[in-house]
2 protein chains.
Amino acid sequence: MSDPGLACCTPLTGTAMSAEQAERVAPLLKALADPVRLRLVSLIASSATGEACVCDLNDAFDLTQATISHHLKVLHSAGLLDREKRGVWVYYAVRREALTAVANLFEMPALA
Amino acid sequence: MSDPGLACCTPLTGTAMSAEQAERVAPLLKALADPVRLRLVSLIASSATGEACVCDLNDAFDLTQATISHHLKVLHSAGLLDREKRGVWVYYAVRREALTAVANLFEMPALA
DNA sequence: CGTGGCCATCGACGCCCGTCGATGTCTGAC
DNA sequence: GTCAGACATCGACGGGCGTCGATGGCCACG
């Protein structure tokens with residue numbers, strides 16, 4: 001590498017992530033890249049029934065109900081949460097498929 | 001708020017993520033929650049030597065050198081990349097520990 | 001009916017983020 | 001010493017994000 005004018009380093013061989021895949025996965029990570037949303041997913045995932053209603057999630061934070069609703073909408077729009085209205089209450093559940101899709105990101109063979 | 005005697009849903013039992021842990025992990029996800037930075041990490045991780053210099057990373061994107069440098073700084077500041085200057089060139093390498101820390105997030109027993 | 005509670009939406013406010021052109025800093029070569 | 005190239009930094013711009021108070025829609029129960 002002391003030869004000027006030639007390649008300064010390796011040509012980045014191997015299978016790297018495509019631009020399209022990056023554009024597809026980044027929104028999922030962006031939706032999870034917030035402490036409140038991370039705790040929301042964790043709370044819902046760790047509940048006994050696998051779901052939780054907004055009223056309980058609200059009590060777990062020192063935030064306005066509007067803010068919690070906004071975060072839940074972000075997670076739902078990203079495909080990370082399922083939303084089901086039962087009577088007056090709304091229940092959110094974690095979509096395992098979406099989480100495992102993100103988990104597969106960090107099992108890249110290039111890291112093994 | 002919710003009436004103490006009226007339970008609308010499960011009490012969210014189980015071990016959920018603590019607020020401190022969420023505040024600690026969220027910055028890592030935020031650093032990865034960008035298509036360009038995701039591809040940068042992927043490119044570096046999939047390189048033959050496990051590292052890559054900025055000049056090659058620059059050519060992989062239709063972005064300014066300043067922008068790539070900014071993204072690399074974000075990843076480095078988050079602890080996801082190691083930085084080493086050799087001569088005129090700067091080489092970045094992925095920190096496995098940081099990536100596995102993120103990977104552990106998606107192996108929560110509550111999801112099993 | 002009307003009323004009260006649950007949740008979503010709206011509008012607004014700071015603030016941070018991604019990107020750029022321009023400039024600065026260092027290094028090796030001549 | 002001078003010059004060219006590789007990266008980093010700076011300042012600025014537009015846009016998006018997190019949060020709030022206020023309001024609206026919806027459902028159950030008198």
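Protein chains get the first letters and strands the later ones, always in sequence-line order, with residue 1 at the start of each. The analysis underlying the following values was restricted to heavy atoms, covering all of them including side chains, and did not include hydrogens, waters or symmetry mates.
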Check: CD1 of Ile68(A) versus P of dC17(D): gap in Å, rounded?
Finding: 17 Å
Note to self: So, does Ser69(A) get its side chain near the phosphate of dT9(C), meaning an N or O under 4.0 Å from OP1 or OP2?
What the structure shows: no
Item checked: Nucleotide dA6(D), atom P - distance to CG of Asp56(B) in whole Å -> 11 Å
Note to self: By nearest atom, which of the nucleotides dC7(D), dA8(C), dG18(D) is closest to the Val54(A) side chain?
What the structure shows: dA8(C)
Notebook entry, point to check: Rounded to whole angstroms, how far apart are CG on Leu32(B) and P on dG18(C)?
Noted result: 12 Å
Checklist line | Contact summary for Ile44(A) and Ala93(A), nearest pair of heavy atoms | finding: CG2-CA, 3.8 Å
Report, one line per pair, each donor and acceptor closer than 3.5 Å where one atom sits in a side chain of residues 18-31 of chain A; sequence neighbours left out.
unit_1: Ser18(A); atom_1: OG; unit_2: Gln21(A); atom_2: N; d: 3.1

Checklist line | N or O in side chain of Thr67(A) less than 4.0 angstrom from dT19(D) OP1/OP2 | finding: no
Check: Quick one: on DNA chain C, does Thr64(B) or Leu72(A) contact a more 5' nucleotide (nearest heavy atom)?
Finding: Leu72(A)
Item checked: Residue Trp89(A), side-chain atoms from C-beta onward, closest of dT19(C), dC7(C), dT19(D) -> dC7(C)
Next item on the list: Have a look at His71(B) and say if it touches a base, only the backbone sugar-phosphate, or nothing, with a 4.0 Å heavy-atom cut-off.
Entry: sugar-phosphate
Next item on the list: Name the nucleic acid region contacted by Asn58(B), choosing base, sugar-phosphate or nothing; use a 4.0 angstrom heavy-atom cut-off, strictly under.
Entry: nothing
Item checked: Cation-aromatic face contact Arg83(B)/Tyr91(B), 6.0 Å, 45 degrees -> no
Item checked: Between P of dA6(D) and CG of Leu57(B), the distance in whole Å -> 14 Å
Notebook entry, point to check: Under 4.0 Å between a side-chain N/O of Arg37(B) and OP1 or OP2 of dG18(C), yes or no?
Noted result: yes
Next item on the list: May I have the distance from Leu81(B) (atom CG) to dC7(D) (atom P), rounded to whole angstrom?
Entry: 15 Å
Next item on the list: Record whether the side chain of Gln65(A) comes under 3.5 Å of the base of dA8(C) through a donor-acceptor pair of N or O atoms.
Entry: yes
Notebook entry, point to check: With sugar-phosphate meaning primed atoms plus P, OP1 and OP2, does Leu63(B) contact a base, only sugar-phosphate, or nothing at under 4.0 Å between heavy atoms?
Noted result: sugar-phosphate
Next item on the list: Output, in order, the C-alpha distance, side-chain angles, deciding distance and verdict of side-chain contact (heavy atoms from CB on, under 4.5 Å) for Arg86(B) and Glu84(B).
Entry: CA-CA 6 Å; Arg86(B) 290 206 290 268; Glu84(B) 185 188 357; 3.1 Å; yes
Note to self: Nearest whole Å is fine: how far is dG18(D) C1' from Leu75(A) CG?
What the structure shows: 13 Å
Checklist line | Interatomic distance, Leu38(B) CG vs dG18(C) P [rounded to whole Å] | finding: 12 Å
Check: For Arg83(B) and dA8(D), is the shortest distance between a side-chain N/O and OP1 or OP2 below 4.0 Å?
Finding: yes
Next item on the list: For Tyr92(B), answer base if it contacts any base atom (sugar-phosphate contacts may also be present), sugar-phosphate if it contacts only those atoms, and nothing otherwise; contact means non-hydrogen atoms under 4.0 Å.
Entry: sugar-phosphate
Next item on the list: Consider the side chain of Ala66(A), meaning its heavy atoms from C-beta on, and name the nucleotide among dC26(D), dC20(D), dG18(C) that approaches it most closely.
Entry: dC20(D)
Notebook entry, point to check: If only side-chain N and O atoms of Lys73(B) are considered, is one of them under 4.0 Å from the OP1 or OP2 phosphate oxygen of dT9(D)?
Noted result: yes
Note to self: Return whichever of Val88(A) or Val90(B) has its heavy-atom-nearest nucleotide of DNA chain D closer to the 5' end.
What the structure shows: Val90(B)
Next item on the list: Would you kindly confirm whether Leu40(B) and Val74(B) end up in one hydrophobic cluster when ILVMFWY residues are joined by side chain heavy atoms under 4.5 Å apart?
Entry: no
Next item on the list: Compute the angle between the rotation axes at the two ends of the helix from dC7(C)-dG24(D) to dC30(C)-dG1(D), each taken over five pairs, rounded to 10 degrees.
Entry: 30°
Next item on the list: Measure the acute angle between the ring planes of Phe106(A) and Phe106(B), then classify it against the limits of 30° and 60° as parallel, tilted or perpendicular.
Entry: parallel
Checklist line | Value in whole Å for how far the C1' atom of dG18(C) lies from CZ of Arg39(B) | finding: 16 Å
Note to self: Is it true that, when you exclude Asp62(A) itself, more than 12 heavy atoms of the residues, nucleotides or ligands shown sit nearer than 6.0 Å to its CG?
What the structure shows: no
Next item on the list: Of all the heavy-atom pairs spanning Leu57(A) and Phe61(A), show the shortest one and how long it is.
Entry: O-CD1, 3.1 Å
